[in-house]
Amino acid sequence: MPDLPETMNAVVAARPGGPEVLRLEPRPRPALGEGEVLIAVEAAGVNRPDTLQRQGLYPPPAGAPDILGLEVAGRIVALGAKASRFAIGDSVLALVPGGGYAQYCAAHESNALPVPAGCSMIEAAAIPETFFTVWSNVFERGGLKAGETLLVHGGTSGIGTTAIMLAKAFGAMVIATAGSDEKAGACLRLGADAAVNYRTADFVAATLESTESRGADVILDMVGGDYVARNYAAAAVDGRIVQIAFLNGPKATLDLRPLMVKRLVHTGSTLRPRPVAQKALIAQALYANVWPLLAAGRCRPVIDSTYPLADAASAHARMESSAHVGKIVLTL
Ligand SMILES: NC(=O)c1ccc[n+]([C@@H]2O[C@H](COP(=O)([O-])OP(=O)(O)OC[C@H]3O[C@@H](n4cnc5c(N)ncnc54)[C@H](OP(=O)(O)O)[C@@H]3O)[C@@H](O)[C@H]2O)c1
């Protein structure tokens, strides 16, 4: 790679702490392993797990760089050994286990996909983390089908906005929860059939009311804590509850009777530590099922705001304010 600089700018957390600990530092350009491509990053998505990593609460998995960032979009500038899926110059987006907040990022080619037709680089960078997560949890683990009802908590989060759009695109009814009337309104504008401000209304009652007392077939939950028992109450018979985080705490006291009487399935998953090959299967499913929708403009990532890479601290502060609707993206 003779034409590429040996060093690059990258964002790391100098120590665990608030957004102010983020630093732009010179780092070596990533070396490429077998099957990897090097992406000149044009945009990098910001995710809640990045803020947890910055606080020292979510260390990168073994082998991943300490540079923050789980998703990027840009152009391929180098190919590792046996990388054959893309050519130099191709525009791609990629899910990465770390290293996204940087000028160059290595990605396994099987975890990269072409930028969907009509998407800007900023929109493309906002896709991988939430689309991989929503596809594997709502559609694969949760088995959401057309005509069923999805209850999604955190409806205006990056994950929530993606879940609303994809569930609607695949013919489900969607009920979303959010922390203000304004955010509930944003969920409705995104296509949700009903939206609940959970600070002023009970989402269990609202779900039962919206479903003629049937309940939700699939519930995507990032809140945990006391929501677990309430999700059981809001679920339909044979309902599936998929846990992807526990913003209100990992522990819950439960009455197990609804689990048995309604034959509920309560499952969950993480994305980042999963092997490249498992993420590749999700990438293939997205390419087959969701890329045509993106290309046709039937769903589009919701961009809340953009910040220059050097101002990643402001991006994290915005995310932690929870005032955002949709995705926050860093630009280079
Ligand atoms: N398991 C996985 O594979 C996976 C993958 C990616 C992300 N995640 C998780 O999914 C969640 C959403 O990620 P994201 O990047 O979309 O984040 P995000 O945009 O920051 O969304 C988080 C949302 O959760 C809501 N929330 C509810 N209770 C909260 C609490 N106690 N503290 C903070 N926020 C609370 C907030 O909305 P309101 O203000 O409306 O309540 C906030 O907008 C995160 O917890 C993340 O760690 C899991």
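Whatever order the structure lists ligands and atoms in, that order sets their numbers, starting from 1.
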Trainee: Do any nitrogen or oxygen atoms of L271 come within less than 3.5 Å of a nitrogen or oxygen of ligand 1?
Mentor: yes
Trainee: Would you verify whether the NZ or CZ of R230 falls within 45 degrees of the ring axis of Y198 while also being under 6.0 Å from that six-membered ring's centre?
Mentor: no
Trainee: Could you tell me whether K168 and D193 have a side-chain N and a carboxylate O separated by less than 4.0 Å?
Mentor: yes
Trainee: Could you tell me whether P49 and ligand 1 have an N or O pair separated by under 3.5 Å?
Mentor: no
Trainee: For atom 7 (C) of ligand 1, which protein heavy atom lies nearest, and how many Å away is it?
Mentor: I159 CD1, 3.8 Å
Trainee: Indicate whether the side chain of T177 and that of H153 have a donor and an acceptor atom separated by less than 3.5 Å.
Mentor: yes
Trainee: Output yes when E36 and K82 qualify as a salt bridge under the 4.0 Å nitrogen-oxygen rule, no when they do not.
Mentor: no
Trainee: For the side chain of D50 and the backbone of V46, is there at least one donor-acceptor N/O pair under 3.5 Å apart?
Mentor: no
Trainee: How are the rings of F139 and W135 set relative to one another: parallel (under 30°), tilted (30 to 60°) or perpendicular (over 60°)?
Mentor: parallel
Trainee: Just let me know how A245 lines up against ligand 1, side chain, backbone, both or neither, with a heavy-atom cut-off below 4.0 Å.
Mentor: side chain
Trainee: For atom 35 (C) of ligand 1, which of I328, L247, V46 has the closest heavy atom?
Mentor: L247
Trainee: How close does the nearest protein non-hydrogen atom get to atom 6 (C) of ligand 1, and which residue and atom is it?
Mentor: E129 OE2, 3.1 Å
Trainee: Does the side chain of N47 pick up a donor-acceptor pair with the side chain of E71 at under 3.5 Å?
Mentor: yes
Trainee: Does this structure show an ion pair linking E20 with R15, if we count only N-O contacts that are shorter than 4.0 Å?
Mentor: no
Trainee: Does an N or O from G326, backbone or side chain, lie closer than 3.5 Å to an N or O of ligand 1?
Mentor: no
Trainee: So, do P30 and M8 sit near enough that their side-chain heavy atoms are less than 4.5 Å apart?
Mentor: yes
Trainee: Nearest non-hydrogen contact with atom 5 (C) of ligand 1 belongs to which option: N137, T177, L52, T133?
Mentor: T133
Trainee: Measure the distances from the heavy atoms of Y198 to every atom of ligand 1 and state whether one is below 4.0 angstrom.
Mentor: yes
Trainee: Which of the atoms of ligand 1 are close to M319, meaning less than 4.0 Å from one of its heavy atoms?
Mentor: 19 (O), 20 (O)
Trainee: Specify the protein heavy atom at minimum distance from atom 36 (C) of ligand 1: its residue, its atom name, and the distance to 0.1 Å.
Mentor: S322 OG, 3.9 Å
Trainee: Could you check whether any heavy atom of H324 sits closer than 4.0 Å to an atom of ligand 1, since that is the contact criterion I want to use?
Mentor: yes
Trainee: Does N248 reach ligand 1 with a nitrogen or oxygen that is under 3.5 Å from one of the ligand's nitrogen or oxygen atoms?
Mentor: yes
Trainee: Any luck finding a side-chain donor-acceptor pair between R272 and Q53 under 3.5 Å?
Mentor: yes
Trainee: Return yes or no for this condition: an N or O of G158 is under 3.5 Å from an N or O of ligand 1.
Mentor: yes
Trainee: Please say whether M222 places an N or O atom under 3.5 Å from an N or O atom belonging to ligand 1.
Mentor: no
Trainee: Short N/O distance, under 3.5 Å, between K183 and ligand 1?
Mentor: yes
Trainee: Considering only NZ, NE, NH1 and NH2 on the basic side and carboxylate oxygens on the acidic side, decide whether R263 and D238 come within less than 4.0 Å.
Mentor: yes
Trainee: Looking only at protein heavy atoms, identify the closest one to atom 23 (C) of ligand 1 and say how far it is in Å.
Mentor: S157 CB, 3.7 Å
Trainee: Would you call R214 and E212 a salt bridge, taking side-chain N to carboxylate O under 4.0 Å as the test?
Mentor: no
Trainee: Which part of R48 is near ligand 1, with near meaning a heavy atom under 4.0 Å away: side chain, backbone, both or neither?
Mentor: both
Trainee: With a cut-off of 4.0 Å, which atoms of ligand 1 are near a heavy atom of S269?
Mentor: 1 (N), 2 (C), 3 (O)
